[in-house]
Amino acid sequence: MAKELSDSVAVLAGVGPKKVQALNKLGINTIEDLLTAYPFRYDDYAARKITEIGDQEKVALKGTVATEPVLSHFGRQKNRLNFKLLVEHDVIMVTFFNQGYLRSKIELGKELTIYGKWNHKRQSLAGMKILADENSNELGGVYRSSKEIKQSQVKKIIEQAYSEYEDVIVDIIPDCLIKKYRLLSRKEIMHGIHFPEDQKSAKLARRSGIFEEFFLFQARMQYIKENENINNGLKIDYELEKLKQFIANLPFELTNSQKKVVNEICHDMHLQRHMNRLLQGDVGSGKTIVAAIIMYAAITAGFQAALMVPTEILAQQHAIKLAQLFEPIGVNVALLTSSTVTRVKQKRELLSNLKKGTINLVVGTHALLQPDIEFANLGLVVTDEQHRFGVGQRQILREKGKSPDVLMMTATPIPRTLALTTYGEMDVSTINELPKGRKIIKTQWLKNKQLASAYEFIERKLNNSSQAYIVSPLIEESEAMDLKNAEEIFDKTTERFGSRYHVGLLHGKMSSDKKENVMTAFKDHKIDVLVATTVIEVGVDVANATVMMILDADRFGLAQLHQLRGRVGRGDKQSYCLLISDPKNEYGIARMQIMTETNNGFVIAQKDLELRGQGDILGNKQSGMPEFKLGDPINDLRILQIAKEEAQQIIGDERFKQKKENEELIKYLNRTLLGTSFD
Ligand code: ADP
Ligand code: MG
């Protein structure tokens, strides 16, 4: 069979079911996914001069082994390997922790290049790895990995895929653009980013790669839009009286902002045209109830509604709330997550009820996207914290109905110009006030050495029968470390509060049943302090929790910190946010200061943009924008705009389908936008 980039990664020799699964979890299904799973940074393996390196810098040093290595054991299963290395005229100490197996490679008089972290004061290198001599690539890509699949394995598989598939990597972007913008070919881009010779060639490949990525993204948006114009939208003829009744029966009065956006959205749904709308509102501004109201509107018009959320915890929480709200009035609510769909009997029943239309409202995770899930008449899709879903995923869900209306909700405001370039021509509704009676969350920045007093503070609040969250530091590169960290903090916290308070632990690796149990226990106040990884970041709503402590807070971007802080201050009690950190750079300090100065999500988003414009990379993730692998919509805004104009031209061309030079682009669109037919 001919090789194609759409082949599953399973075709590679040595990639068995376990590895396939691990790769899938990283979002890598096909060879193409693999080849575009670019390194998020590079380690610089070019040997450096001691006089040129700064304290704590990660560097490669080349030298001659000057003493026999000494291996010493300490603690349980811990060891340390020490030896001296002569680097030009300096003798430095090299130490490897828990890599005792390296001893055999270190021979007196042998020349070695070692990569590690430099300690200037001690003139020593904390070794991370010994670089192979034949290592000609002086930049080593660092890839996303997980507990199931190591960095080095990912790297090896990518190398293997590249060498086997390099001949079938063809240009997707029409030739005229490649010439016009002097871009590298797709093959050169992939080679240059994965295996660069030096910083300069990596940068060059990236530049073309960013254009390619933005262009393909915009082409998909454009393609979908053209498609929508052909299909007419739905007219959702809701029953106004029922809706009024429903709103009147809510336990609180809507804020003026909520009323305004409900009106805007209802008006839009009622029109024949297709609704494509963004609802933005700060954390805690009450977007969920707005979603409930408009979903109810669609249901009174005889349609089904779906609410799609990024995490199981959030899906469960929403399902419980919505069921309470809706069951008394005869609206059927169901929950669909990957753990419900694994229970065969339950799944069968659920699917058949969705197809029959006896379920009116379904809440779910990306499990909603599975091909076997069919609706009787899906009229409205709401996505919560939408930036977590790719365009393709939203498109799939949309195709499950006859072009249902779409509302995307986000707590991370996006400047309008950017929203237009990243999402296409979208309408925006904004909630710009919080419900009455909310107190400003008091935020304090403390150094690590003040941690004890932070714990004392938490204890005082617990004594007042409040609850607290402790968020463990974010370690992007390794899920395993993430987990280990959370567990350590859990142990420490348990020790600290002894038998007086109950401490719970919540992390992403737990089964969803377990997660649900822990969340329910926290809600019911059977747990006083919840130690958690960032799984709690979005949407979790426990009003009695009044303290949010974030450890190593400088590892989080502003948007994420604001989201985390938004988990408290949800009731009428005074709430607090404690940021514990010793920032390592000016951006970290700036982020801490901004957080202590304002509670306003719109202000924070603006500051976030400014910092990112200056080069703060931490903010780039979780930014409320679609996630790109290479490009950054802020720093590369110009490229994004050009890519958009070009995509509009090319896709909008009446003869788009006939032109030979669009052949590969059309193939690409068809394989990435399943089911979108253009005829
Ligand atoms: P978010 O916009 O962050 O998703 P939620 O929808 O979770 O916010 O709402 C936060 C809390 O505020 C919830 O407990 C919700 O019940 C409550 N709430 C929403 N609207 C109002 C209102 N108009 N008055 C009082 N409380 C409200
Ligand atoms: Mg929410």
Side-chain angles (χ1 to χ4, degrees), residues 243-244 246-265 277-296 307-311 313-326 361 363 382-389 407-414 428-441 466-467 469 519-520 522-525 534 536-546 548 559-573 575 577 599-602 604-605 622 624:
L243 207 57
K244 279 187 175 163
F246 180 72
I247 294 172
N249 284 340
L250 293 175
F252 43 70
E253 201 192 334
L254 295 181
T255 63
N256 286 333
S257 257
Q258 284 171 318
K259 287 179 192 162
K260 181 194 75 185
V261 300
V262 166
N263 282 335
E264 280 170 9
I265 300 166
R277 188 172 278 274
L278 180 75
L279 172 62
Q280 54 179 20
D282 208 343
V283 222
S285 63
K287 294 184 292 295
T288 315
I289 198 68
V290 171
I293 294 167
I294 65 149
M295 288 193 291
Y296 183 59
L307 174 62
M308 187 154 94
V309 301
T311 66
I313 295 183
L314 203 51
Q316 283 156 357
Q317 179 186 293
H318 279 332
I320 293 168
K321 267 201 188 163
L322 292 172
Q324 280 167 356
L325 208 54
F326 281 126
L361 198 173
V363 184
V382 180
T383 66
D384 198 4
E385 308 303 344
Q386 44 72 37
H387 58 279
R388 309 221 148 188
F389 291 105
L407 180 76
M408 305 173 218
M409 306 198 290
T410 181
T412 319
I414 306 166
V428 181
S429 291
T430 306
I431 305 182
N432 56 14
E433 66 184 317
L434 297 180
K436 276 196 239 31
R438 290 285 169 77
K439 296 197 174 69
I440 284 192
I441 302 163
S466 283
Q467 288 161 275
Y469 296 98
M519 261 340 279
T520 311
F522 190 59
K523 254 196 164 138
D524 299 344
H525 204 162
T534 43
I536 59 154
E537 182 196 333
V538 281
V540 175
D541 188 32
V542 178
N544 191 49
T546 63
M548 164 64 65
Q560 217 174 356
L561 287 171
H562 183 61
Q563 275 283 346
L564 285 168
R565 176 167 63 184
R567 298 311 108 215
V568 297
R570 309 204 129 225
D572 36 26
K573 279 192 190 171
S575 287
C577 176
N599 264 265
N600 182 325
F602 289 85
I604 289 178
Q622 314 289 325

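The basis for the numbers below is simple: all heavy atoms, side chains too, and nothing from hydrogens, waters or symmetry mates. We count ligands from 1, going down the list as the structure has it; atoms in each ligand are counted the same way.
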Problem - Heavy-atom donor-acceptor pair, E433 side chain to N256 backbone, under 3.5 Å - result: yes
Exercise for the section: Of the side chain and backbone of K259, name the one, both, or neither that has a heavy atom under 4.0 Å from an atom of ligand 1. Expected result: neither
Exercise for the section: May I ask whether S285 places a heavy atom under 4.0 Å from ligand 1? Expected result: yes
Practice task
For M409 and ligand 1, answer yes if some heavy atom of the residue is under 4.0 Å from a ligand atom, otherwise no.
Solution key: no
Practice task
Compute the minimum heavy-atom distance from G281 to ligand 1 and say whether it is under 4.0 Å.
Solution key: no
Exercise for the section: Identify, by atom number and element, the atoms of ligand 1 in contact range of Q258, meaning under 4.0 Å from any of its heavy atoms. Expected result: 19 (C), 20 (N), 22 (C), 23 (N)
Handout entry: Sub-4.0 Å heavy-atom contact, H318 with ligand 1
Key = no
Handout entry: Numbering as shown, the atoms of ligand 1 that approach E253 to under 4.0 Å (heavy-atom distance)
Key = 22 (C), 23 (N), 24 (N)
Handout entry: Nearest candidate to atom 5 (P) of ligand 1, where distance is taken over non-hydrogen atoms, out of T255, D282, L325, T288
Key = T288
Fill in the blank from the handout: Closest non-hydrogen contact found for R277 with S429 is NH1-OG, 2.8 Å
Problem - Backbone N/O of G569 and side chain of K439: donor-acceptor pair under 3.5 Å - result: no
Fill in the blank from the handout: Scanning both residues in full, the closest heavy-atom pair of K573 with S466 reads NZ-OG, 3.1 Å
Handout entry: N or O pair under 3.5 Å between G286 and ligand 1
Key = yes
Completion exercise
Looking at R570, K436, K287, the heavy atom closest to atom 7 (O) of ligand 1 belongs to R570
Problem - From the candidates P435, G601, A543, the one that places a heavy atom nearest atom 25 (C) of ligand 1 - result: P435
Exercise for the section: For G601 and D282, work out which heavy atoms get closest and say how close. Expected result: N-OD2, 2.7 Å
Exercise for the section: Specify the closest pair of heavy atoms between H562 and N599, including all atoms of both residues, with the distance to one decimal. Expected result: CE1-O, 3.3 Å
Handout entry: Distance filter under 4.0 Å to L254 heavy atoms, resulting ligand 1 atoms
Key = 23 (N)
Handout entry: Backbone or side-chain N or O of V283 under 3.5 Å from ligand 1 N or O
Key = no
Handout entry: Short N-O contact, E253 and K259, less than 4.0 angstrom
Key = yes
Practice task
Determine the minimum heavy-atom distance between P310 and D384, stating which atoms define it.
Solution key: CD-O, 3.4 Å
Fill in the blank from the handout: Nearest heavy-atom contact between M548 and L564 is CE-O, 3.1 Å
